[in-house]
Amino acid sequence: MPELPEVETITRYLRDGNAGLPGVLGRTILAADVLWERTIAEPGALEFIRRVSGQVVETVGRRAKYLVLRLTSDTLLVHLRMSGDLRVELEGGEGGAHDRVVFHLEGRLRLVFNDARKFGRMWLVNEPESVLGRLGPEPLGADFSAGAFFDLLRGHQRRLKPLLLDQCFLAGLGNIYTDESLHRAGLHPNRLASSLSPVEAQQLWAAIRLVLNEGIRNHGASIDWVYRGGDFQNTFRVYQRTGLPCPVCGTLIERRVVGQRGTHYCPVCQPEPG
DNA sequence: CACGAGACCTGTTCGC
DNA sequence: TGCGAACAGGTCTCGT
C-alpha cells in the first residue's frame with residue numbers, strides 16, 4: 001500500500017499513535033529480531049541488531065516513500081516497496097504470518113515490519129543522504145512550484161507516465177497517484193514531458209498536489225488483501241476502473257501497459273498524442 | 001538519454 | 001474442482 005500518502009499515514013500513526021496504541025516517539029529499542037535477512041539492506045543483519053539495540057527514537061518523519069526514524073546515533077530508513085507495513089503492537093501477542101523484522105520497545109510494545117512479498121528494505125546509517133541523496137523534489141514541498149515543475153518537465157524527452165514514476169525526477173508518486181493525477185490534468189500517459197505547455201504543466205502540478213493531499217486526507221488507499229484502513233480507493237477516477245465509465249465524461253476507462261506498468265486512462269479526457 | 005526485459009517475492013484472481 | 005497464467009501500491013540492473 002505504499003505511495004506517498006500511505007507512507008505519510010503510517011508516519012503519523014507511528015509518531016502520534018493509532019487505534020488505541022501509542023506512538024514510538026521517545027521510546028527505547030530494547031532488542032530486534034530479523035526474521036528475513038534480506039530485509040536489512042545495510043549494515044549486515046547481525047550488526048544491525050547490535051547497533052539498533054539501546055537507541056531511542058528521537059523523531060519520526062518521511063522523505064518520499066521512505067520512513068525516516070532518527071535514533072540516538074543512527075538513522076533508520078524503511079522503504080515498504082509493494083507490500084510492506086509498519087505497525088505498533090502490544091508485546092506478547094501472536095506474530096503475524098509475514099513479519100520480517102520486530103523491534104522490541106520499552107513499555108511492552110513492539111514495532112513490527114510485515115511484508116508479504118519481501119521487497120521491503122531498511123537501512124541503519126549514519127548519513128541518511130547516502131540513501132536519500134538522489135531523490136527528486138517533494139511534490140508537496142513548499143519550494144516545489146508550478147514554474148519549477150515546468151522547467152523540470154521541459155528538460156526531458158520522456159513519456160509522462162514513466163517520468164512521474166521516476167523517483168529521481170519527482171519523489172513520492174506511484175502507480176495509483178500517477179494515473180489519477182494524469183486524469184485530473186487531462187493528459188495522456190504517453191505525452192512527451194517536453195511537449196507540455198506552461199498551462200498544461202501547471203494543471204499537472206495542481207493535479208498531483210490535489211490528489212496526494214486527498215490521499216493523505218483519506219489515510220491512503222486500501223486495495224486487495226493489503227489493507228490498512230484508508231478510504232482513498234473510493235474516490236479513484238481511473239485506477240483499477242477499466243471498463244467502467246469515466247466520472248467526468250462517461251467514456252469507458254481503458255487500460256494498457258506503459259513503461260511496464262498497468263496504466264488506466266480516459267481516452268476522451270486524456271487524448272493520445274498524435 | 002530513453003526504454004524494455006528480467007529479477008526480486010508471495011498471494012489473489014481470472015480463464016479455461 | 002483444479003491448475004496455470006496474469007496481475008499486484010516498487011525499484012534495481014542490464015542490454016540496446
Side-chain angles (χ1 to χ4, degrees), chain A residues 1-11 35-42 62-67 77-86 96-101 113-123 130-136 139 152-182 189-195 208 211-212 214-216 218-236 238-243 255-264 273:
Chain A
M1 60 158 299
E3 297 179 39
L4 188 155
E6 288 76 25
V7 179
E8 178 65 25
T9 299
I10 293 176
T11 299
L35 280 30
W36 181 254
E37 280 208 23
R38 298 197 59 178
T39 300
I40 311 299
E42 186 185 342
R62 176 191 63 75
R63 169 75 171 104
K65 300 177 194 171
Y66 292 81
L67 282 125
L77 302 169
V78 183
H79 198 301
L80 306 173
R81 293 281 175 92
M82 292 287 268
S83 59
D85 193 9
L86 262 181
H98 307 296
D99 292 352
R100 307 302 179 198
V101 178
F113 179 68
N114 185 280
D115 182 22
R117 289 179 71 181
K118 300 178 174 173
F119 287 164
R121 293 290 181 267
M122 53 182 80
W123 297 254
S130 65
V131 178
L132 308 177
R134 295 185 57 246
L135 289 169
L152 283 178
L153 288 165
R154 217 165 30 164
H156 289 275
Q157 295 285 116
R158 293 176 70 183
R159 295 171 300 169
L160 288 176
K161 169 85 184 208
L163 182 62
L164 292 176
L165 286 174
D166 184 341
Q167 303 297 297
C168 299
F169 175 75
L170 185 64
L173 289 183
N175 213 30
I176 294 176
Y177 295 88
T178 298
D179 282 4
E180 293 296 319
S181 297
L182 287 171
N190 277 346
R191 277 290 298 276
L192 226 47
S194 57
S195 78
I208 288 168
V211 164
L212 290 176
E214 276 291 282
I216 292 172
N218 288 280
H219 311 291
S222 313
I223 37 184
D224 300 340
W225 44 280
V226 185
Y227 178 73
R228 207 163 197 283
D231 294 316
F232 187 67
Q233 68 279 7
N234 299 323
T235 72
F236 287 173
V238 289
Y239 187 78
Q240 284 193 343
R241 298 194 70 252
T242 311
R255 177 191 185 278
R256 70 165 82 163
V257 175
V258 177
Q260 295 140 247
R261 306 301 302 274
T263 297
H264 315 76

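Note that the coordinates shown come from a computational prediction; the quantities given were computed from them, not determined experimentally.
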B/S/- along nucleotides 10-15 of chain C (protein heavy atoms under 4.0 Å) is BB----

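- For A/Glu42, the side-chain hydrogen bond (donor to acceptor under 3.5 Å, both in side chains) criterion is met by no residue, not counting sequence neighbours.
- Across all strands shown, A/Arg121 has no heavy atoms under 4.0 Å from either base or sugar-phosphate atoms.
- By the side-chain hydrogen bond (donor to acceptor under 3.5 Å, both in side chains) test, A/Arg256 pairs with A/Tyr265, A/Glu272, sequence neighbours left out.
- Evaluation of the ring-ring contact (aromatic ring centres under 6.0 Å, His included) rule for A/Phe113 yields no partner, not counting sequence neighbours.
- Contacts between chain A and DNA chain B, taken as any atom within less than 4.0 angstrom of a protein heavy atom, begin and end at B/dA2 to B/dT12.
- The side-chain heavy atoms of A/Arg38 and A/Lys118, taken from C-beta on, include no pair separated by under 4.5 Å.
- For A/Asn218, the side-chain hydrogen bond (donor to acceptor under 3.5 Å, both in side chains) test picks out no residue, with sequence neighbours left out.
- A close approach under 4.0 Å does not occur between any side-chain nitrogen or oxygen of A/Tyr177 and OP1 or OP2 of C/dG9.
- Residues that satisfy the side chain to side chain contact (heavy atoms under 4.5 Å, CB included) test with A/Phe119, not counting sequence neighbours, are A/Arg81, A/Met82, A/Arg117.
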| message | With side chain to side chain contact (heavy atoms under 4.5 Å, CB included) as the criterion, how do A/Leu165 and A/Arg261 come out once you've worked through the C-alpha distance, each side chain's angles and the decisive distance to 0.1 Å? | response | CA-CA 10 Å; A/Leu165 286 174; A/Arg261 306 301 302 274; 3.8 Å; yes

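- Partners of A/Ser130 under the side chain to side chain contact (heavy atoms under 4.5 Å, CB included) rule, at least two apart in sequence or in another chain, are A/Val125.
- Among residues two or more places apart in sequence or in another chain, the side-chain hydrogen bond (donor to acceptor under 3.5 Å, both in side chains) test is passed with A/Thr178 by none.
- By the side chain to side chain contact (heavy atoms under 4.5 Å, CB included) test, A/Pro162 is found to be paired with A/Arg158, A/Arg159, A/Val258, residues two or more places apart in sequence or in another chain being considered.
- Between B/dA7 and C/dA5, the two P atoms lie 15 Å apart (nearest whole Å).
- Contacts of A/Glu8 classified as side chain to side chain contact (heavy atoms under 4.5 Å, CB included), with partners at least two apart in sequence or in another chain: A/Arg12, A/Arg62, A/Ile216.
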Read 5' to 3' with Watson-Crick or G-U pairs under 3.5 Å, [ ] for crossing pairs and | for partners on another strand, DNA chain C gives .|||||||.|||||||

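- For B/dG6 and C/dC7, the P atoms lie 15 Å apart once the distance is rounded to whole Å.
- In this structure, A/Gly120 reaches neither bases nor backbone, as no heavy-atom distance under 4.0 Å exists between it and the strands shown.
- Rounded to whole Å, the separation between the P atoms of B/dA5 and C/dA6 comes to 14 Å.
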